[in-house]
Structures are given as C-alpha cells and as structure tokens.
Amino acid sequence: MIENDKTPWDINCRCVSKRYGSVQALSSVSFSVRKGELFGLIGPDGAGKTTLFRILSTLMLADEGSAEVNGLHVVKDYVEIRKRIGYMPGRFSLYQDLSVEENLNFFAALFATTVEENYDLIRDIYVQIEPFRKRRAGKLSGGMKQKLALCCALIHRPVVLLLDEPTTGVDVVSRREFWDMLKRLKEQNISILVSTPYMDEARLCDRIALMQSGRILSVETPQHIIEKYSDKLYALRTADMARLICDVQQMDCVESCFAFGEYLHLTFSDDDQAACLVLLDYLKKKGHQDVVCHPIVPSIEDCFIKLMR
Amino acid sequence: MKEKKVVIDVEGLTKCFGAFKAVDNISFEVFQGEIFGFLGANGAGKTTAMRMLCGLSLPTSGKARVAGFDIYKQSEQVKRNIGYMSQKFSLYEDLTVMENIRLFGGIYGLSHKQIKEKSSELIETLDLIEVSKKLVAALPLGWKQKLAFSIAILHKPQIVFLDEPTGGVDPITRRQFWKLIYKATSESITVFVTTHYMDEAEYCDRISMMVDGRIKALDSPQNLKMHFSASSMDDVFLRLARKAQRQAE
C-alpha cells in the first residue's frame, strides 16, 4: 500500500478503460488531482464522466488500468476508500420520503458520526436549507436538493469529494451559489473532483480535463487551455443574425463559424486580416447592417469545439 | 406594421396548490413564428405554467387560449395542435428510430401514407439512415434530442413546447439543434422554450423571466439588457432572480 501522506495526489488515474457491450465508455483515461485541488471534468453527456466517478468511488471495476484515491487502491482498499470519500451521484440519491433533517442524521449514522460533531463543516450550506428541515427531500426545489445532497456527502468529513454533475438542470443563481460553496470547501483542504456539462463553469476550477466520448482531450488550467488556442478568433454580429450565419457559411475564407449568444464566433483559414476585410466587404454587398466585428479571447467552449473537430 | 397573429394568449393565469401560489396571475402573448424563451429560477413556476398551457393541468383561475383553443374547455384540441418535448422523456428507448416515428405519427393522427413520407424525409435530413433500425437507447444524446424535436413537430403543430431540450448536449450538437429550431420557425411553427444556457436565451426573439410565480420582465434580449444595464443575459437573470423570495417548491 502507498503511504497516504507522501504522495501529492489525492486521485490518480492511469490508463483506465471501461466498455459496456459495444460502447467504449472510457478509453485509457489518465489524470491526477492534487491534494486540495478543485478539479473539473468538463464534457457533454456520454463523455464518460459518470463511469469515471463510479470507478473512483469503488462502485464499479475498470476493465483496464488502475486508480488510487487518497493513496489507496480502488480495488484492494475499497473499504477504506469508502470511509474517506464523499460521493454525490448525478441523480438525486437521497431518500425522497425522509425529511431534510432525517436524511442528514441517517447519513451521519451510516458513517458512525453525528451531525453535531461535523456541523462546522456544513454550517454555511445547512443554514440555507434549515428553514425546511422538516420538509421531505422529495418536495425540495432543484437547488435545495443539491445543497442537501452536498451536506449529506460532507457529513463524515471526507478527504476527497466526488461530485457528479451537481449543477445540471439547476438555474444560474443556484449554480453560482453552489460554486461559491465549493470554493469555501477547498479552503478546508478538501480535494474536489467535480463534473459539469456547463463550459462556463470550467473557469471556476483550478485545473480541468475536457472530455468527449470516453477520452480526455486536454488537462490544463483553464487559463492554459485558452492560451493554447492557436487560431485568431473573431466575434461578428449584424442586425439580422439568422441570415448572417447562412451567409458566413458560404464563404471559403471562413474556417469555422458557431453561434455564441448574440455573436457569431469565427476563424479564418489563413491570413485572417485580409480574409476579415473580404468578409466585411461581402456582408456589405449582401446588405447586412450594423456590422460589428472584432478579435476576441476564446472561451473554454470555443476551445472545446476546436478540440472536438 | 403587419398585424401579428397571437397563438398563445394568457390573461391572469393562476395555479394554487393549497395555500401556495405556484403561478401567480401571469399575462402574456406569444406570436406566430416567434421563438419565445420562458426563463426563471428553479421553483419559479415555469413547469406548472407550461403544463397548463399544454392542457395537462387545469388553472385555479385566469384565462388562456393556445393555438386558438380554450385550455379549460378544449384541452383535447389544444393537445392536437401542439408538440411537446422534454429533456427527461420524449422517445421510447426500446423502440427503434423508425418505430418511434411510426408510433408518434399514429398518435398524432397522420395517415399511413403521410407517416411513410415523413419518416423517410426525416431520416434523410437528420442523417439517420444507418441507424434507422437501431433502438433509440443506442443513440448518442444529441441525436436523440434532434430526433425527439423532429418527431414533436411531425404533425406540423402551430406551437412546439420545449422543456430544456439541450441540457447536457455537446456544444456542436447544441448549435445544430438550434438550427432545427430556426428551420421550424421559418415554417411558421411557434417555439416556446425553456433553457438554463444563457447563450441560448440570446437566440430567442423575446424572453419572459419568471420569479416567484410572476413574470418580472418580458422583452427582446437586447431590450432586457438595455433596461437592466446588463452586459449579458446571464447578468439580467442574476439581477432578477436574486430578488426571489421563494426557495423551495
């Protein structure tokens, strides 16, 4: 067994693969999470995020490769790992017909501890749901359920938190609040692995792995992923956006073009300054009005799209 | 300006569960061919309102006409003139692509001939020829959602209701999905959509924002941003929804 405190890593995945019938859910996935790091797995449904969580939480065996959590092997040391992790599955997994406070007491009892003993760790989050402590978990709103689930995952003071899509289907306000909570937990030196399909949440992580179809496309800090984007990216808008996207796609000099909110983001095949002028001239001829076009810094979603193509 | 045809007309719509006002006196109009974004925080009352408009739940008070039919007295006609697609359940996973199209075509009352024409057209435009005999369960999420949308408008409804259609879909497929939405509006189908992606809010013609059961703002994305001096729809949403009192449903 590895000495727990000598490794700087709390999660270590080496060439992990998993197949379900004909579907390759994970293809040789390797990455490591440092102690105290907030690490994001970013990718759409089907990327393999949940499979990875199941393997790391010792609920499923990998076909190939090996993984360690807090210095312990996921197969040999599964009993010990289960005491040290807090796992929040993607689907709401609390008892719907137990109240908020019953759920919390139940999970504390499972780990042979009490809510009082660890109250300091969950206080910030729990006070927000305390007014509803008598309410059944199934009757809470989406954001509230997530807060309760996080409290239950924390109640035994885990060393590593595994959070599978905690913000999916949750509104923008609750999502922000949830990430603020994660930041505060990180300050308590808890290592956090969190997955999300929302690309805008990537920048809130220390490092991220971009995942697609069972593979890791890139592991970096959000800043580095953006710096590595090699093309020059432009934002373009006109008064008639629906027509604009069709017109722009006709142009040979345009390499890629995707809608991003109120703008199109586009790259050119070569010499971007000349190409940009050609495009603007063409749009003028096509009768587009209020044309705005300027270079921009790419977002994580731009980078993801580029890596996907 | 040309008179716009109203396809959803809501006045003072209210739904109470006991003492709790899930939807509190909302009024708005949606015009033909428009993409109408129906936004709000979790628990704001969106799903309850949408269920009433689809004829699935009766209001406590207020009036609404959908596709020209009264939601109290003509809920069956309402259902026949709308399409509905949710993120959670929209297709039968253990039927094949073709079987799903045939089943829904039959439910929507299309003739055998129509179903045959529609299904081959649909399979071709969505590039599903190779998987047409495969179970829907085997398709990637993005394909499922594109197929579910196309099936929801198979019977050329006046309005299609989309409840978070792109949750979890990859960024490229998410954009292809919006192309399908634009195509539907070019055929005069009205789109009523909820989403948690604020970039998608920008693609709507008009947006309504629900907070605590009420509509707190309704305008084009551009006007909303101007009105709240916000740089993005994300900001507009945060400003409105942070004032919410209601925390749990």
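Predicted, not measured: the structure shown is a model, and the values here were computed from it. Below, chains carry the letters A, B, ... as their sequence lines are ordered, and counting in each starts from 1.
With chain B as partner, the option from A:Met199, A:Gln212, A:Arg176 having the largest number of non-hydrogen pairs under 4.5 angstrom is A:Arg176. Highest contact tally toward chain A, considering only B:Val169, B:Asp199, B:Leu141, B:Ile172, is held by B:Ile172 [criterion: heavy-atom pairs under 4.5 Å].
Remark: B:Gln222 CD is loosely packed, at most 12 non-hydrogen atoms of other residues, nucleotides or ligands lying under 6.0 Å away. Atom CZ of A:Arg237 is surrounded by more than 12 heavy atoms from other residues, nucleotides or ligands within 6.0 Å. The environment of CH2 in B:Trp143 is sparse: at most 12 heavy-atom neighbours from other residues, nucleotides or ligands sit within 6.0 Å. With a 6.0 Å radius and a threshold of 12 heavy atoms from other residues, nucleotides or ligands, A:Arg91 has its CZ atom at or below the threshold. The 12-atom threshold is not exceeded at NZ of A:Lys286, counting heavy atoms of other residues, nucleotides or ligands nearer than 6.0 Å. Around atom CD of B:Glu187, more than 12 heavy atoms belonging to other residues, nucleotides or ligands sit under 6.0 Å away. Enclosure of atom CZ in A:Arg136 is not indicated, since only 12 or fewer non-hydrogen atoms of other residues, nucleotides or ligands lie within 6.0 angstrom. More than 12 heavy-atom neighbours from other residues, nucleotides or ligands sit within 6.0 angstrom of CD on A:Glu130.
Using a 4.5 Å cut-off between heavy atoms, B:Met198 contacts chain A through its side chain alone, with no backbone atom that close. With a 4.5 angstrom heavy-atom cutoff, A:Thr168 does not touch chain B via any of its atoms. With a 4.5 angstrom heavy-atom cutoff, B:Glu200 does not touch chain A via any of its atoms. For a residue to count as touching a neighbouring chain, one of its non-hydrogen atoms must lie under 4.5 Å from one of that chain's; by this rule A:Met241 does not touch chain B.
Here the CG-CG distance, from A:Asp200 to B:Asp234, works out to 6.5 Å after rounding to the nearest 0.5 Å. A distance of 3.0 Å separates NZ of B:Lys225 from CD of A:Glu262, quoted to the nearest 0.5 Å.
Cation-pi geometry between B:Arg175 and A:Phe260 is satisfied (NZ or CZ under 6.0 Å from the ring centre, within 45° of the ring normal).
At least one side-chain heavy atom of A:Met308 sits under 4.5 Å from a side-chain heavy atom of B:Pro171.
Considering all non-hydrogen atoms of both residues, A:Pro197 and B:Gly168 come closest at CB-CA, 4.0 Å. The two atoms that bring A:Gly169 and B:His196 nearest to each other are O-NE2, 3.2 Å, heavy atoms only.
With hydrogens and angles ignored, the 3.5 Å screen pairs a side-chain donor or acceptor of B:Tyr203 with a backbone N or O of A:Ala259. A donor-acceptor pair is defined here as one N or O able to donate and one able to accept, closer than 3.5 Å; such a pair exists between the side chain of A:Asp171 and the backbone of B:Asn42.
Ionic pairing of B:Arg174 and A:Glu301 is present here: one or more N-O contacts between side-chain nitrogen and carboxylate oxygen are shorter than 4.0 angstrom.
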